[in-house]
Amino acid sequence: MLRVIEQDTEKLIEKIIENYPEKTKKERKKHLIYNDPECTSSICQIKSNVKSRPGVMTSRGCAYAGSKGVVWGPIKDMIHISHGPVGCGQYSWWSRRNYYTGKTGINAFGAMHITSDFQENDIVFGGDKKLEQLCREIREIFPLAKGISIQCECPVGLIGDDIESVARKMTKELGIPVIPVRCEGFRGISQSLGHHIANDSIRDWVLGKVKGILEKETPYDVLILGDYNISGEAWSSRKILEEMGLRVIAQIPGDCTLNELTNMPRPKLILVHCYRSTNYIARYLEENFGIPWMEYNFFGPTKIYESMRKIAKRFDDKIVEQTERVIERYKPLMDSVIEQYRPRLEGKRVMLYVGGLRPRHIVGAYEDLGMVVVATGYEFAHRDDYERTYPELPKNSLIYDDPPHYELENFADALKPDLVGSGIKEKYVYHKMGIPFRQMHSWDYSGPYHGFDGFPVFARDMDMAVNNPSWKLIRRKGR
Amino acid sequence: MKVQDHVKLYRREDYEKLFRDKREFECPYSEEEVKKVDEYTKTEEYKEKNFNRKALTINPAKACQPLGAVLCALGFKDTMPFVHGSQGCVAYFRSHLSRHFKEPVPAVSTSMTEDAAVFGGLSNMIEGLENAYALYKPKMFAISTTCMAEVIGDDLNAFIKKAKQQGIIPEDLPTPYANTPSFTGSHINGYDAMLKGILSYATQGLRTIKGEKINLILGFDTYSGNYREIRRMLNLMEVPHIILADISDSLDSPNYGDYEMYPGGTSLEELKDSINSKATIALQKYSTLKTGEFIKESWGQSFVNIPYPVGIRNTDLFIDTVKELTGKEIPQELIEERGRVVDAIIDSYAYIHGKRFALIGDPDLLLGLLSFILELGGIPVHIVCTNGDEDFEREAYEILKREPLFGSEGKVYIKKDMWHLRSLLFTEPVDLLIGNSYCKALWKDTGIPLIRVGFPIFDRHHMHRYPILGYQGALNLLTLMVNTVLDELDRETKDSPSFDVIR
């Protein structure tokens with residue numbers, strides 16, 4: 001069924017970009033479209049994955065954020081060195097909510113800030129000697145760390161340090177893998193290249209290099225790839241897969257161990273959650289080990305049932321039948337969530353602006369609650385992400401790529417959404433505007449939102465944001 | 001329907017089982033091994049190793065220079081913090097400050113990438129200024145740098161000149177700038193450099209006319225309540241004043257249902273006028289070193305550095321300094337306020353007296369807190385300052401010596417981090433810990449109650465809206481401290497006859 005929103009999105013776009021200087025206007029125009037799911041021509045394609053214009057106030061981060069903050073950071077039994085000055089590690093410390101089990105500082109190191117804290121001398125004379133010493137000290141101070149990754153910050157690449165040879169030397173000397181990651185913040189144009197670099201470093205420095213243990217293989221072995229376990233939701237997804245009769249031999253990278261990384265070439269099927277940040281390694285595993293991969297979406301019952309059935313089809317009848325039984329078991333609960341919350345949220349208009357997969361993946365969950373996504377977009381998506389997005393959205397909905405603050409604020413003013421879902425940098429702007437808001441990177445310190453255990457939380461939180469009485473307290477100036 | 005979120009879910013048996021089963025694939029160390037190492041990290045032997053670290057920094061209590069520069073810039077009206085370098089840095093500064101203040105934080109980046117690393121960031125600077133000016137219409141750009149721009153050696157001054165020559169932004173648009181390399185100093189130095197940059201730019205070529213006003217600089221101070229409290233006290237004393245880099249309205253603005261990008265800050269008129277003031281009082285020293293030099297040398301203005309007015313003695317000093325500089329009398333209201341807060345302290349001292357404290361934070365904050373703890377009869381034991389230098393160390397010991405009965409045990413650790421403090425807390429336990437939100441990891445490991453003071457405070461709401469400066473600030477801190485002790489006492493006695501209702 002083709003869903004249509006009545007809004008003149010094209011005209012709106014024209015109006016918003018008027019204020020840009022000529023060059024930026026020309027460029028930004030290509031990053032804004034109104035959705036036409038049926039259009040196959042290239043004019044309906046949004047431009048993406050190019051440099052943000054300087055000075056526009058982009059929300060984007062950097063390659064370091066994509067590697068240390070996203071892909072490597074959650075590997076819990078390794079130490080991830082923020083190699084360079086103190087700031088990057090400080091600002092990305094314990095902030096992403098990629099949950100894990102284990103004792104922090106003893107056998108798990110997620111919520112920590114480990115840095116070489118570069119000083120002027122390190123810039124002038126190079127940081128390699130310090131890095132060696134630092135790796136040795138890690139071995140002493142954290143004897144149970146299973147490995148080390150070196151997450152480069154900007155200066156490292158600029159001063160020409162040879163962290164690869166430090167890594168090789170230290171791997172030998174310390175007897176644990178030391179992995180160099182060239183994710184200096186100035187590389188690429190967003191977090192996205194950091195994901196890619198991190199994927200490549202797993203390929204080059206873990207696979208085939210680090211020995212792991214997996215006692216046996218079964219025909220039902222799967223691997224979760226690209227779930228960051230934000231507020232523990234890789235667990236709520238894992239639970240579903242296990243109930244379906246599958247065996248999750250690794251959960252990457254949320255709550256992941258080095259050993260699980262080494263299990264990467266062993267499953268029968270790879271289940272890709274965040275396509276954007278992990279498709280590189282998935283393709284590599286497919287090409288080199290012949291392991292198939294597929295994407296899935298566990299947001300909201302409609303998509304959960306759909307994904308479960310799609311996954312089950314890859315296995316035998318036993319799994320297919322068991323999957324139906326699981327769906328049957330949870331359906332009454334899901335229906336009761338919808339019954340409770342849908343009347344309170346029906347027809348509410350949602351504007352989204354998030355990262356890797358959520359701008360399209362959560363659309364279904366909103367629709368389960370009767371809400372309409374009128375605008376969505378990504379910080380760092382590529383063409384293939386947008387191609388996956390068009391069919392998920394109603395016709396005429398607005399799609400923006402890397403919209404600066406200026407655009408978001410003005411689009412919100414014009415579209416008058418009932419709810420905005422975006423990040424911490426956006427949150428308080430909308431609070432000031434009196435528009436209900438939820439952070440959709442961290443789930444606003446709530447969650448999980450995936451899976452059967454997540455959907456009730458999602459519904460509760462969206463209802464809370466939209467229907468909290470405090471919005472009514474705002475007295476507009478001059479009234 | 002009772003919805004269970006992450007708080008309850010992962011304690012449920014189904015998840016407990018999931019965690020147990022997952023271990024099969026984790027290849028984990030045995031529980032005994034983990035326990036053994038855990039215990040080992042609490043020993044003297046481990047502490048010695050820990051303090052022997054030369055290259056490794058673990059959980060430091062400091063951020064980098066441009067964060068301070070951005071905070072400073074936000075203290076001026078209609079000013080856009082403009083950071084030349086990689087864009088990820090600005091995303092981080094904005095997130096970090098928003099998480100603390102629960103407020104929007106505007107700032108732009110010149111988004112330098114590989115090509116800028118090779119060719120320099122001139123075109124990024126020029127386009128950045130053009131775009132930001134067109135979109136956000138600031139009346140001033142406060143320009144700072146990330147380490148990328150510093151390493152490749154971009155010439156800020158030349159770049160900005162060029163942008164103006166090309167007519168990208170108006171010639172008369174103020175564009176103060178500061179070099180803020182993140183590989184020297186910390187956020188407090190970035191604040192200092194930016195403030196000096198702004199003051200020198202804004203008053204360039206202006207002649208000093210000695211006026212009646214007093215300038216106030218709070219330093220890297222993340223309590224919006226502090227700015228309001230200082231202003232209130234000065235108003236009570238009827239002292240005409242200019243608060244420089246006043247973030248109170250820009251980072252704690254009223255909700256009128258409209259977003260305003262520049263809701264407050266020191267106005268550009270006040271900024272220019274600050275050169276005419278009779279004197280400048282800085283409430284912090286280590287975040288105003290360069291600015292102070294500048295004011296003394298270039299403006300020829302008297303620059304008075306007083307200790308951060310935390311506690312009664314330091315607030316007295318502040319008020320006396322203002323009185324001395326202006327000849328204004330201390331109003332009855334402040335005298336009464338002081339009396340009430342002293343009375344409150346006397347009512348509560350029994351719960352603070354003899355309590356042993358560990359503290360971690362910025363140097364000026366620590367000096368202020370030390371002074372206050374000694375007034376209450378508390379015993380500072382571990383004083384850790386990641387971004388402190390030898391001067392700070394000496395000053396801290398001087399304060400400790402003022403009250404030998406309470407201060408003699410105190411030991412000051414400069415350039416140390418929270419992992420050092422962890423060892424200290426295990427080998428020499430204390431009763432109370434004072435620090436920022438990240439210290440909750442120490443609370444978790446040691447069980448020592450945490451009193452959240454400093455920056456950042458992410459996990460408790462609105463604390464920055466309540467002053468910690470002045471008499472009112474002393475009362476707020478006292479209340480926080482004594483009630484933390486009392487909460488702890490209830491927890492400790494809840495299964496004993498000592499579980500009293502009156503304390």
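First the proteins, then the strands, lettered A, B, ... as listed; each starts at 1. For clarity, every value in this text was computed on a predicted model and none was experimentally measured.
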*Can B:Tyr10 and A:Trp235 be said to form a ring-ring contact (aromatic ring centres under 6.0 Å, His included), step by step?*
CA-CA 9 Å; B:Tyr10 308 132; A:Trp235 296 327; 4.9 Å; yes
*Report yes if some heavy atom in the side chain of A:Asp117 is under 4.5 Å from a heavy atom in the side chain of B:Pro60; otherwise report no.*
no
*Part of B:Asp21 within contact of chain A (heavy atom distance under 4.5 Å)*: neither
*Look at the side chain of A:Lys432 and the backbone N and O of B:Ser253, then say whether any donor-acceptor pair between them is shorter than 3.5 Å.*
yes
*For A:Val56, does its backbone N or O pair with a side-chain atom of B:Tyr136 as donor and acceptor, under 3.5 Å?*
yes
*Would one find more than 12 heavy atoms of other residues, nucleotides or ligands at under 6.0 Å from atom CD of A:Glu339?*
no
*So, does B:Asp258 use its side chain to make a donor-acceptor pair with the main chain of A:Met433 at under 3.5 Å?*
no
*What part of A:Ser336 gets closer than 4.5 Å to chain B, counting heavy atoms only: side chain, backbone, both or neither?*
both
*Side chain, backbone, both or neither of B:Ala107 within contact of chain A (heavy atoms, under 4.5 Å)*: backbone
*asked:* With chain B as the partner, which of A:Lys51, A:Lys130, A:Lys146 has the greatest number of non-hydrogen pairs under 4.5 Å?
replied: A:Lys146
*Between A:Glu132, A:Glu233, A:Arg460, which residue shows the highest count of heavy-atom pairs closer than 4.5 Å to chain B?*
A:Arg460
*Measure the CZ-CG distance between B:Phe25 and A:Asn259 for me, rounded to the nearest 0.5 Å.*
10.0 Å
*Answer with side chain, backbone, both or neither: which region of B:Asn387 has an atom nearer than 4.5 Å to a non-hydrogen atom of chain A?*
neither
*For the residue pair A:Lys425 and B:Val105, establish whether any side-chain heavy-atom pair is separated by less than 4.5 Å.*
no
*With sequence neighbours excluded, what pairs up with A:Tyr100 under the side-chain hydrogen bond (donor to acceptor under 3.5 Å, both in side chains) test?*
A:Thr104
*Could you state the interatomic distance from CD (A:Glu137) to CG (B:Asn50), rounded to the nearest 0.5 Å?*
10.0 Å
*Contact part of A:Thr115 toward chain B, heavy-atom cut-off under 4.5 Å: side chain, backbone, both or neither?*
both
_Going by side-chain hydrogen bond (donor to acceptor under 3.5 Å, both in side chains), name the residues that satisfy it together with A:Arg238, two or more places apart in sequence or in a different chain._
A:Glu242, A:Gln251
*Close side-chain approach of A:Glu140 to B:Leu56, heavy-atom, < 4.5 Å*: no
_Residue among B:Tyr15, B:Tyr29, B:Phe19, B:Tyr438 with most heavy-atom pairs under 4.5 Å to chain A_ = B:Tyr438
*Side chain, backbone, both or neither: which part of B:His96 has a non-hydrogen atom closer than 4.5 Å to chain A?*
side chain
*Side chains of A:Asp453 and B:Gln4: closer than 4.5 Å at any heavy-atom pair?*
no
*Go through the atoms of A:Ile138 and report whether side chain, backbone, both or neither lie under 4.5 Å from a heavy atom of chain B.*
both
*Give, as side chain, backbone, both or neither, the part of A:Arg97 having an atom under 4.5 angstrom from any heavy atom of chain B.*
side chain
_Worked check of ring-ring contact (aromatic ring centres under 6.0 Å, His included) between B:Phe458 and A:Trp93_ = CA-CA 12 Å; B:Phe458 290 155; A:Trp93 178 10; 9.5 Å; no
*Does B:Tyr46 reach the side chain of A:Ile141, with side-chain heavy atoms less than 4.5 Å apart?*
yes
*Answer yes or no: is there a donor N or O on one side and an acceptor on the other, between the side chain of A:His431 and the main chain of B:Pro104, under 3.5 Å?*
no
*Which bit of B:Met148 is near chain A, if near means a heavy-atom gap under 4.5 Å: side chain, backbone, both or neither?*
both
_If I measure from the heavy atoms of chain B, does A:Glu426 come under 4.5 Å with its side chain, its backbone, both, or neither?_
neither
*Is any side-chain heavy atom of B:Pro28 less than 4.5 Å from a side-chain heavy atom of A:Asn107?*
no
*Side-chain touch B:Met418/A:His113, heavy atoms, less than 4.5 angstrom*: no
*Examine whether an atom of A:Ile114 lies under 4.5 Å from a heavy atom of chain B, and if so say whether it belongs to the side chain, the backbone or both; otherwise answer neither.*
both
*Side chain, backbone, both or neither: which part of A:Tyr99 has a non-hydrogen atom closer than 4.5 Å to chain B?*
side chain
*Sort B:Pro254 into side chain, backbone, both or neither according to what part of it lies under 4.5 angstrom from a heavy atom of chain A.*
backbone
*Name the region of A:Val337, side chain, backbone, both or neither, that has any atom closer than 4.5 Å to a heavy atom of chain B.*
both
*Taking the side chain from A:Tyr20 and the backbone from B:Leu135, do they hold a donor-acceptor pair closer than 3.5 Å?*
no
*Measure B:Ser86 against the heavy atoms of chain A and call it side chain, backbone, both or neither at under 4.5 Å.*
side chain
*Which bit of B:Met125 is near chain A, if near means a heavy-atom gap under 4.5 Å: side chain, backbone, both or neither?*
neither
*Please confirm whether the backbone N or O of A:Ile189 pairs with a side-chain atom of B:Gln87, one donor and one acceptor, at under 3.5 Å?*
yes
*With the side chain counted from C-beta on, respond yes when B:Asn131 and A:Pro21 share a heavy-atom pair under 4.5 Å apart, and no when they do not.*
yes
_Sidechain-backbone polar pair: B:Lys22 side chain, A:Asp255 backbone, donor-acceptor under 3.5 Å_ = yes
*Measure distances from B:Glu260 to the heavy atoms of chain A and classify the residue's part below 4.5 Å as side chain, backbone, both or neither.*
side chain
_A:Ser82 versus chain B, the contacting section by heavy-atom distance below 4.5 Å_ = neither
_Part of A:Arg247 lying under 4.5 Å from any heavy atom of chain B_ = side chain
*Determine yes or no for a side-chain-to-main-chain donor-acceptor pair under 3.5 angstrom, with A:Gln133 supplying the side chain and B:Ala55 the backbone.*
no
_At a 4.5 Å cut-off on heavy atoms, which part of A:Lys427 comes close to chain B: side chain, backbone, both, or neither?_
neither
*Would you say the side-chain atoms of A:Glu120 pair up with the backbone N or O of B:Phe183, donor to acceptor, closer than 3.5 Å?*
no
*Please answer whether the main-chain N or O of A:Arg53 pairs with a side-chain N or O of B:Glu127 as donor and acceptor at a distance below 3.5 Å.*
no
_Max heavy-atom pair count under 4.5 Å with chain B, selected residue of A:Ile435, A:Asp413, A:Thr24_ = A:Thr24
*NZ/NE/NH1/NH2 to OD/OE distance under 4.0 Å, B:Asp38 and A:Lys103*: yes
